[in-house]
Amino acid sequence: MSRYERWNAILELLSQEGRLSVEQAAEALNVSTATIRRDFDQLAQQQMLMRTRGGAVAQSVSYDLPLRYKTARHADEKQRIAEAAAELVAPGAIVGMNGGTTTSEVARALAIRADPELGFTIVTNALNIAAELTVRQHVKIVLTGGVARPQSYELIGPLASGVLEQVTLDIAFLGVDGIDASAGASAHHEGEASVNNLLIGRASQVVVVADASKIGRRAFARICPIGAVGTLITDEGLSDEDAARFTDAGVKVVRA
């Protein structure tokens with residue numbers, strides 16, 4: 001288990017329990033207490049938790065981990081989701097994309113599959129996606145304005161709307177913190193949710209890309225109602241019952 005995987009596991013345990021002792025965390029993760037103490041100290045320095053005598057307590061009720069800590073989560077599933085998503089994009093298409101680890105994988109899959117003659121255009125508010133694909137000569141990058149959010153590398157705020165109001169998208173891929181068949185798609189941060197709503201509002205087709213851990217979850221800020229989503233691409237962890245709920249709501253479900 002890598003350090004980032006371990007930190008992610010610690011924070012998820014804290015989100016469930018509210019409080020952890022060093023011994024509890026060490027037993028749960030099968031590592032030494034010395035390792036856990038170092039992890040607690042480093043996470044406390046980043047204000048991801050609060051140190052206590054012999055343990056740690058949750059810093060916040062909602063964990064919006066920095067993007068670099070999320071890359072190890074469900075990595076294989078996200079790559080399969082990305083491959084399935086890339087198959088939906090026609091040569092020369094104009095593609096909208098918000099930030100996140102799953103959409104980052106979609107961007108990479110698109111760059112590999114793209115016809116070098118026709119290429120495609122990506123409109124995004126994600127700094128990391130824009131930076132990674134700028135070197136690809138067959139990819140045209142349109143980056144929104146806005147204020148950068150360190151956790152997700154997404155640009156948010158009213159400056160983003162100026163660009164989005166001027167474009168039309170063939171397809172938009174939406175990464176989410178939660179998606180529910182009745183509540184719709186949601187994000188931890190209201191600024192991200194607002195820009196993401198503008199982004200998908202410009203698209204002819206909206207595709208949510210989310211591993212099964214996001215299904216049935218509701219985050220703080222709603223991005224859009226479920227009626228705005230045309231397709232959900234997820235992994236085999238999605239239950240038949242959940243798949244039926246989305247299908248009944250008019251969403252096409254693809255399990256990659």
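Computed from a prediction, not measured in an experiment: that's the story for all the values here. We use all heavy atoms of the structure for the numbers below, so side chains are in, but hydrogens, waters and symmetry mates are not.
Nearest heavy-atom pair, Asn128 versus Ser152, reported as atom, atom and distance to 0.1 Å: OD1-O, 4.3 Å. Scanning all heavy atoms of the two residues, the minimum distance from Leu43 to Ile10 falls at CD1-CG2, 4.0 Å. The two atoms that bring Leu174 and Ala185 nearest to each other are CD2-CB, 4.2 Å, heavy atoms only. The minimum heavy-atom distance linking Arg222 with Ala193 is given by the pair O-CB, 3.7 Å. Ala148 approaches Leu127 most closely through the heavy-atom pair CB-CD1, 3.7 Å. Residues Pro91 and Leu118 share a closest heavy-atom pair of CB-CD1, 3.4 Å.
Put simply, Ile171 and Leu232 are part of two different groups of oily side chains (I, L, V, M, F, W, Y) that touch within less than 4.5 Å, one to the next. Residues Ile200 and Val176 are members of one and the same hydrophobic cluster, defined by side-chain heavy-atom contacts under 4.5 angstrom among Ile, Leu, Val, Met, Phe, Trp and Tyr. Linking Ile, Leu, Val, Met, Phe, Trp and Tyr residues whenever their side-chain heavy atoms come within less than 4.5 Å leaves Ile129 and Leu143 in two separate clusters. Hydrophobic clustering, with ILVMFWY side chains joined whenever heavy atoms are under 4.5 angstrom apart, keeps Val167 apart from Phe120. Linking ILVMFWY residues whenever their side-chain heavy atoms come closer than 4.5 Å, directly or via other members, places Ile215 and Val253 in the same cluster.
For the pair Thr52 and Arg19, the minimum side-chain heavy-atom distance is below 4.5 Å. Side-chain contact between Val95 and Val123 is absent, with no heavy-atom pair separated by less than 4.5 Å. In this structure, Ile36 and Leu29 have side chains that are in contact, with non-hydrogen atoms separated by less than 4.5 Å. Inter-residue side-chain proximity for Arg217 and Asp177 is flagged as unmet; no heavy-atom pair is nearer than 4.5 Å. When side chains are defined from C-beta on, Asn98 does not count as touching Glu192, because their heavy atoms never get closer than 4.5 Å. Inter-residue side-chain proximity for Asn196 and Asn125 is flagged as met; some heavy-atom pair is nearer than 4.5 Å. Residues Leu88 and Ile233 meet the side-chain proximity criterion, which asks for heavy atoms closer than 4.5 Å. By the 4.5 Å heavy-atom criterion applied to side chains, Asp242 and Arg245 are counted as neighbours.
Rounding to the nearest 0.5 Å places CZ of Phe40 at 11.5 Å from OG1 of Thr35. Rounded to the nearest 0.5 angstrom, Glu132 CD and Ser104 OG are separated by 7.0 Å. The CZ atom of Phe246 sits 7.0 Å away from the CG atom of Leu238 when rounded to the nearest 0.5 Å. In this structure, the separation between CD on Glu105 and CD on Gln79 is 5.0 Å, given to the nearest 0.5 Å. Taking CZ from Phe173 and OG1 from Thr231, the interatomic distance works out to 9.0 Å, rounded to the nearest 0.5 Å. The CD atom of Glu117 sits 11.0 Å away from atom NE2 of His138, with the distance rounded to the nearest 0.5 Å.
Applying side-chain contact (heavy atoms from CB on, under 4.5 Å) to Ile122 and the options Thr134, Leu133, Leu169 leaves one that passes, Leu133. Under the side-chain contact (heavy atoms from CB on, under 4.5 Å) test applied with Val195, the options Leu164, Leu155, Ile223 reduce to a single match, Leu164. Tested against Leu110 for a side-chain contact (heavy atoms from CB on, under 4.5 Å), the candidates Met97, Glu87, Arg136 yield a single pass: Met97.
For Arg6, the side chain to side chain donor-acceptor pair (under 3.5 Å) partners at least two apart in sequence or on another chain are Asp39. By the side chain to side chain donor-acceptor pair (under 3.5 Å) test, Gln24 pairs with Ser21, sequence neighbours left out.
Put simply, the side chain of Ser194 never gets that close to the backbone of Gly191: no donor and acceptor are under 3.5 Å apart. Without hydrogens or angle criteria, Thr234 side chain to Ala210 main chain gives a donor-acceptor distance under 3.5 Å. Ser186 places a side-chain N or O within 3.5 Å of a backbone atom of Ala219 that can act as its donor or acceptor partner.
Ser182 and Arg218 share a side-chain donor-acceptor pair at under 3.5 Å.
Taking a cutoff of 4.0 Å between a charged side-chain nitrogen and a carboxylate oxygen, Glu83 and Arg80 do not qualify as a salt bridge. A salt bridge links Asp41 to Arg51: at least one charged side-chain nitrogen sits closer than 4.0 Å to a carboxylate oxygen.
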Next item on the list: Kindly determine whether Gln42 and Arg3 satisfy side chain to side chain contact (heavy atoms under 4.5 Å, CB included), including the steps that lead there.
Entry: CA-CA 11 Å; Gln42 290 167 339; Arg3 178 178 60 173; 4.3 Å; yes
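In this structure, Glu27 places its CD atom where only 12 or fewer heavy-atom neighbours from other residues, nucleotides or ligands lie under 6.0 Å away.
Applying the side-chain hydrogen bond (donor to acceptor under 3.5 Å, both in side chains) definition to pairs two or more places apart or across chains, those involving residues 247-256 are Asp240-Arg255.
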